[in-house]
Amino acid sequence: MKNKLILTLLLLTSLLQAQDKKESFSFTLKQAIEHAVQNNYSAINANRDVEAAKQKKWETTTIGLPQINGNVGYQNNFQIQRSLVPAEFFGGQPGEFAEVAFGTKHNMAASATLSQLIFDGSYLVGLQSAKTYLKISENAKVKTAQEIKEIVINSYGNVLLADESILILEKNKKILEKTLSDTREIYKNGFIEEENVEQLQITLASINSSLENVKRQKRIALDMLKLLLGINLDNDLTLTDKLDTLTQSNVDLNLLKEEFNVSNNIDYQIGQNLLTSKELLLKLEKSRSLPSLGANLNFGYNAFSDTFTFLNQNQKWLNYSNLAVGLNIPIFSSGGRSARTQQAKIALEQSKTQLTETEQKLKLQFEKAKSDYEFSLEQLATSKSNLNLAERIENKNQIKFKEGLSSSFDLTEAQRQLYAAQQNYLQAMLDVINKKAALEKLYNKN
């Protein structure tokens with residue numbers, strides 16, 4: 001009994017701690033976008049890519065800066081190599097050889113080398129390439145932010161759509177339950193046939209099923225939005241914007257009048273930087289035919305002893321130093337450099353063609369996005385008008401049905417028409433938000 005009590009207390013403590021760690025978030029759409037751009041997992045890695053590109057640029061820069069390397073070496077000749085010399089040097093007989101060992105058992109050396117690249121054409125091109133690589137990484141970061149913004153807008157809107165759908169379905173359910181209850185009373189009094197009751201029951205069952213489905217969709221949509229925002233799925237998230245107010249703020253006819261400058265689009269800018277990288281690659285291959293010049297300054301000490309005395313103060317160290325200058329001149333590569341240069345030229349021409357293709361595709365995408373946004377605005381007005389008509393038609397059929405002037409089939413058909421008009425209007429509002437986001441992405445608007 002005592003052990004069970006301890007386990008229960010431990011479980012309650014862990015649950016309370018878990019609740020303490022749970023966070024709550026509340027965002028407008030603008031705040032959600034700002035949070036996602038900073039905390040989305042892809043955005044975080046895009047920032048890291050930019051930092052890595054900066055470090056790569058500095059790494060390339062250091063190649064042309066002075067380099068200092070130190071070296072310390074110890075050698076133990078436990079068996080000194082022997083050589084043969086004429087024995088007559090030591091008073092021996094001509095034609096005979098004597099074994100002689102040169103050197104000491106222990107050798108130690110310490111040196112430092114200063115190297116400096118004086119000229120190398122490929123290094124100069126490498127510096128330019130590092131800058132371009134950094135620009136490409138920065139462009140990728142911008143593109144990631146734009147994609148995150150568009151996806152967050154879509155996901156935020158899906159949650160709002162589910163919220164509004166739930167409210168409408170619950171309202172329709174309440175009205176239908178009242179109608180069904182009244183119809184049952186009328187049936188009990190023998191004024192209508194049972195089929196009228198059954199028809200309303202079918203419609204109510206359909207609404208209940210749709211309502212549960214939308215609730216499940218809302219949970220999934222909310223979790224998807226949390227994932228995009230970089231929020232733990234166990235945390236609470238509340239959306240403060242409403243679908244209708246958000247829709248009205250996204251109705252912008254002036255946006256349709258703006259000129260599309262393809263050079264402002266991030267995909268085109270990425271294509272331009274890729275073209276620049278191909279130009280630099282061609283420049284690099286050409287630079288390989290230029291000579292390179294470098295210099296080294298060496299300074300060191302050597303010590304020799306038949307016993308290990310290198311740590312003694314009286315150990316004698318022999319110093320040396322030298323300066324070396326090297327000039328490397330490419331003379332003949334059997335056509336290898338020429339082949340690489342031609343490949344770089346072909347890659348450059350391919351990049352030019354791809355940039356032209358990107359430009360044409362972006363212009364086509366803009367025309368489609370502009371048309372889609374304009375159509376969404378038209379659909380918003382049309383669906384709102386249709387909703388008003390459907391509400392009036394359904395209301396008239398409610399009155400006729402209660403007065404016995406129409407059947408349940410007529411009422412059900414009017415209700416279905418109303419429910420469809422309600423969903424069409426909600427979807428039209430969401431489309432305005434999403435289509436504007438797609439158009440602004442092409443404009444490269446923040």
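Only this structure's heavy atoms are used, side chains among them; waters, hydrogens and symmetry mates stay out.
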A.B. asks: About how many Å separate CG of Leu377 and CG of Leu253, when rounded to the nearest 0.5 Å?
C.D. replies: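 Rounded to the nearest 0.5 Å, the CG-CG separation comes out at 6.0 Å.
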
A.B. asks: For Leu161, does its backbone N or O pair with a side-chain atom of Ser165 as donor and acceptor, under 3.5 Å?
C.D. replies: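 Confirmed, Ser165 side chain pairs with Leu161 backbone.
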
A.B. asks: Nearest 0.5 angstrom please: Thr341 OG1 to Leu282 CG, how far?
C.D. replies: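 One finds 6.5 Å between OG1 of Thr341 and CG of Leu282.
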
A.B. asks: Salt bridge or not for Asp372 and Lys368, using N-O below 4.0 Å?
C.D. replies: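 Between Lys368 and Asp372 there is a salt bridge, with a charged N closer than 4.0 Å to a carboxylate O.
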
A.B. asks: Would you call Glu374 and Lys370 a salt bridge, using N to O less than 4.0 angstrom?
C.D. replies: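 A salt bridge is absent here (no side-chain N lies under 4.0 Å from a carboxylate O).
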
A.B. asks: Looking at Leu29, is its backbone amide N or carbonyl O close enough to the side chain of Asp241 to form a donor-acceptor pair, meaning the two atoms are under 3.5 Å apart?
C.D. replies: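 Indeed, once roles are kept as given, a pair shorter than 3.5 Å links the two residues.
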
A.B. asks: Return the minimal non-hydrogen interatomic distance between Tyr443 and Asn264, and the atom names on each side.
C.D. replies: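 Smallest interatomic distance, heavy atoms only, reads O-CB, 4.4 Å.
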
A.B. asks: In Å and rounded to the nearest 0.5 Å, what is the CG to CG distance from Asn47 to Asn40?
C.D. replies: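 If I round to the nearest 0.5 Å, the distance is 10.5 Å.
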
A.B. asks: Assess the residue pair Arg219 and Leu222 against the criterion (side chain to side chain contact (heavy atoms under 4.5 Å, CB included)); give the C-alpha distance rounded to whole Å, side-chain angles, the decisive distance to 0.1 Å, and a yes or no.
C.D. replies: CA-CA 5 Å; Arg219 288 193 294 269; Leu222 196 59; 5.8 Å; no

A.B. asks: Charged N to carboxylate O under 4.0 angstrom, Glu147 versus Lys143?
C.D. replies: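 Yes, Glu147 and Lys143 are salt-bridged.
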
A.B. asks: Quick one: do Glu357 and Lys361 satisfy salt bridge (Lys or Arg N to Asp or Glu O under 4.0 Å)? Show the steps, please.
C.D. replies: CA-CA 6 Å; Glu357 182 184 20; Lys361 283 183 176 180; 3.4 Å; yes

A.B. asks: Would you check if the side chain of Ser383 reaches a backbone N or O of Leu380 as a donor-acceptor pair within less than 3.5 Å?
C.D. replies: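 Flag set: sc Ser383 to bb Leu380 pair under 3.5 Å.
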
A.B. asks: Answer yes or no: is there a donor N or O on one side and an acceptor on the other, between the side chain of Tyr156 and the main chain of Phe27, under 3.5 Å?
C.D. replies: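 Side chain of Tyr156 to backbone of Phe27: a pair is present.
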
A.B. asks: Please give me the minimum heavy-atom distance between Val37 and Ala43, naming the atom from each residue.
C.D. replies: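 That closest heavy-atom pairing would be O-CB, 3.2 Å.
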
A.B. asks: Ignoring hydrogens, what is the shortest heavy-atom contact between Leu327 and Pro291? Give both atom names and the distance.
C.D. replies: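 Looking at all heavy atoms of both residues, the shortest contact is CD1-CB, 4.0 Å.
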
A.B. asks: Quick check for you: to the nearest 0.5 Å, what is the distance between Phe299 atom CZ and Leu297 atom CG?
C.D. replies: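 Those atoms lie 9.5 Å apart.
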
A.B. asks: Side-chain contact test, heavy atoms from C-beta onward, threshold under 4.5 Å: evaluate it for Asn235 versus Lys226 and give yes or no.
C.D. replies: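 SC-SC contact between Asn235 and Lys226 ruled out.
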
A.B. asks: Counting only N and O atoms by type, is there a donor-acceptor contact under 3.5 Å from the side chain of Ser137 to the main-chain atoms of Tyr133?
C.D. replies: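 Indeed, once roles are kept as given, a pair shorter than 3.5 Å links the two residues.
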
A.B. asks: Looking only at non-hydrogen atoms, find the nearest pair between Tyr268 and Leu355 and report the distance.
C.D. replies: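 What the structure gives for the nearest pair is CE1-CD1, 3.6 Å.
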
A.B. asks: So does Lys278 have more than 12 non-hydrogen atoms from other groups sitting under 6.0 Å from NZ?
C.D. replies: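 No, not enclosed.
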
A.B. asks: Do Asn273 and Gln269 have side-chain atoms, one donor and one acceptor, less than 3.5 Å apart?
C.D. replies: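 No pair is found: no donor N or O on one side chain lies under 3.5 Å from an acceptor on the other.
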
A.B. asks: Using side-chain contact (heavy atoms from CB on, under 4.5 Å) as the criterion, point out the one residue from Asn328, Ile118, Ile329 that pairs with Ser292.
C.D. replies: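 It is Asn328, the one option of Asn328, Ile118, Ile329 that forms the side-chain contact (heavy atoms from CB on, under 4.5 Å) with Ser292.
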
A.B. asks: So which atom in Gln116 and which in Pro66 form the shortest heavy-atom distance, rounded to 0.1 Å?
C.D. replies: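 Nearest pair, atom of Gln116 first, then Pro66: OE1-CG, 3.1 Å.
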
A.B. asks: Do the side chains of Leu387 and Asn424 get nearer than 4.5 Å, heavy atoms only?
C.D. replies: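 A side-chain contact is absent here, since even the closest heavy-atom pair is not under 4.5 Å.
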
A.B. asks: Only pairs under 3.5 Å count here: list side-chain donor-acceptor contacts from residues 104-114, not counting sequence neighbours, and write none if there are none.
C.D. replies:
residue	atom	partner	partner atom	Å
Thr104	OG1	His106	O	3.1
Thr104	OG1	Asn107	OD1	2.8
Thr104	OG1	Ser305	N	3.4
His106	ND1	Tyr74	OH	2.7
Thr113	OG1	Asn298	OD1	2.7

A.B. asks: Check whether any side-chain heavy atom of Leu246 sits under 4.5 Å from a side-chain heavy atom of Ser249, and report yes or no.
C.D. replies: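 Yes, at least one pair of side-chain atoms sits under 4.5 Å.
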
A.B. asks: Hey, does the side chain of Ser371 reach the backbone of Glu367 with a donor-acceptor pair shorter than 3.5 angstrom?
C.D. replies: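 Answer holds: no.
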
A.B. asks: Is the backbone N or O of Leu274 less than 3.5 Å from a side-chain atom of Ser277, with the two atoms forming a donor-acceptor pair by type?
C.D. replies: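 Checked: pair present.
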
A.B. asks: Can we say Lys363 and Glu359 salt-bridge, meaning some charged N sits less than 4.0 Å from an Asp/Glu carboxylate O?
C.D. replies: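 Salt bridge: yes.
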
A.B. asks: Can you tell if the side chain of Asp244 reaches within under 4.5 Å of the side chain of Thr247, non-hydrogen atoms only?
C.D. replies: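 When only atoms from C-beta onward are counted, Thr247 and Asp244 do not touch, as no gap falls below 4.5 Å.
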
A.B. asks: Looking at side-chain heavy atoms only, is the closest gap between Asp120 and Leu124 below 4.5 Å?
C.D. replies: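 SC-SC contact between Asp120 and Leu124 ruled out.
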
A.B. asks: Does some side-chain heavy atom of Leu281 sit less than 4.5 Å from a side-chain heavy atom of Leu348?
C.D. replies: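 Contact flag for Leu348/Leu281 side chains = no.
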
A.B. asks: Give the intermediate values and the outcome of side chain to side chain contact (heavy atoms under 4.5 Å, CB included) for residues Asn296 and Leu323.
C.D. replies: CA-CA 6 Å; Asn296 292 317; Leu323 173 65; over 6 Å; no

A.B. asks: Is there a side-chain contact between Asn386 and Tyr425, using heavy atoms and a 4.5 Å cut-off?
C.D. replies: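 The answer is no; the side chains never approach within 4.5 Å.
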
A.B. asks: Taking side chain as C-beta onward, heavy atoms only, is Asn172 less than 4.5 Å from Gln415?
C.D. replies: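 Heavy-atom side-chain distance check fails, nothing below 4.5 Å.
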
A.B. asks: Are Phe375 and Tyr373 close enough, and set up right, to give a ring pair (Phe, Tyr, Trp, His ring centres under 6.0 Å), and what steps lead you there?
C.D. replies: CA-CA 5 Å; Phe375 180 69; Tyr373 179 55; over 10 Å; no

A.B. asks: Between Leu239 and Leu237, which heavy-atom pair has the shortest distance, and what is it?
C.D. replies: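 Nearest heavy atoms, Leu239 then Leu237: CD2-CG, 4.1 Å.
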
A.B. asks: State whether Lys352 and Glu349 are salt-bridged, where the test is any N-O pair (Lys NZ or Arg NE/NH1/NH2 against Asp/Glu carboxylate O) under 4.0 Å.
C.D. replies: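 Yes, this pair counts.
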
A.B. asks: Under 4.0 Å between a side-chain nitrogen and a carboxylate oxygen: does that hold for Lys56 and Glu59?
C.D. replies: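 Yes, Lys56 and Glu59 are salt-bridged.
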
A.B. asks: In sequence, state the C-alpha distance, the side-chain angles, and the governing distance for Ile231 and Glu23, and then conclude on side chain to side chain contact (heavy atoms under 4.5 Å, CB included).
C.D. replies: CA-CA 9 Å; Ile231 295 175; Glu23 296 182 74; over 6 Å; no

A.B. asks: Classify the side-chain pair Asn77/Gln75 by whether it contains a donor and acceptor separated by less than 3.5 Å.
C.D. replies: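 Yes, side-chain donor-acceptor contact under 3.5 Å.
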
A.B. asks: Give a yes-or-no answer on whether the side chains of Lys283 and Gln128 include a donor-acceptor pair shorter than 3.5 Å.
C.D. replies: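 Yes - a donor-acceptor pair under 3.5 Å links their side chains.
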
A.B. asks: Check for a donor-acceptor pair, side chain of Gln67 on one end and backbone N or O of Leu65 on the other, with a separation under 3.5 Å.
C.D. replies: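 Answer holds: yes.
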
A.B. asks: Output the distance between atom CG (Leu229) and atom CD (Gln31), rounded to the nearest 0.5 Å.
C.D. replies: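 Result: 11.0 Å between the selected atoms.
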
A.B. asks: Dump the intermediate steps for side chain to side chain contact (heavy atoms under 4.5 Å, CB included) on Thr28 and Thr240, then the final yes or no.
C.D. replies: CA-CA 5 Å; Thr28 63; Thr240 56; 3.1 Å; yes

A.B. asks: Nearest 0.5 Å, please: how far is CD in Gln248 from NZ in Lys242?
C.D. replies: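 So the gap between those two atoms works out to 16.0 Å.
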
A.B. asks: With a 6.0 Å cut-off on the ring centroids, do Tyr301 and Tyr320 count as close?
C.D. replies: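 Between Tyr301 and Tyr320, the centre distance exceeds or equals 6.0 Å.
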
A.B. asks: Go through the steps for Glu285 and Arg288 under the test salt bridge (Lys or Arg N to Asp or Glu O under 4.0 Å), then give the verdict.
C.D. replies: CA-CA 5 Å; Glu285 296 301 334; Arg288 295 188 190 279; 3.4 Å; yes

A.B. asks: Within the distance-only criterion (no hydrogens, no angle test), does the side chain of Lys141 pair as donor or acceptor with the backbone N or O of Val50 below 3.5 angstrom?
C.D. replies: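 Here the side-chain-to-backbone pair does not exist.
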
A.B. asks: So which of Gln146, Gln365, Glu150 actually passes side chain to side chain donor-acceptor pair (under 3.5 Å) with Lys441?
C.D. replies: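 Only one of Gln146, Gln365, Glu150 forms a side chain to side chain donor-acceptor pair (under 3.5 Å) with Lys441, namely Glu150.
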
A.B. asks: Is Lys173 salt-bridged to Glu170, cutoff N-O under 4.0 Å?
C.D. replies: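 No.
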
A.B. asks: Could you tell me whether a side-chain N or O of Tyr419 sits under 3.5 Å from a main-chain N or O of Leu169, the two making a donor and an acceptor?
C.D. replies: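 No, the answer is negative, given that no donor and acceptor are paired below the 3.5 Å cut-off.
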
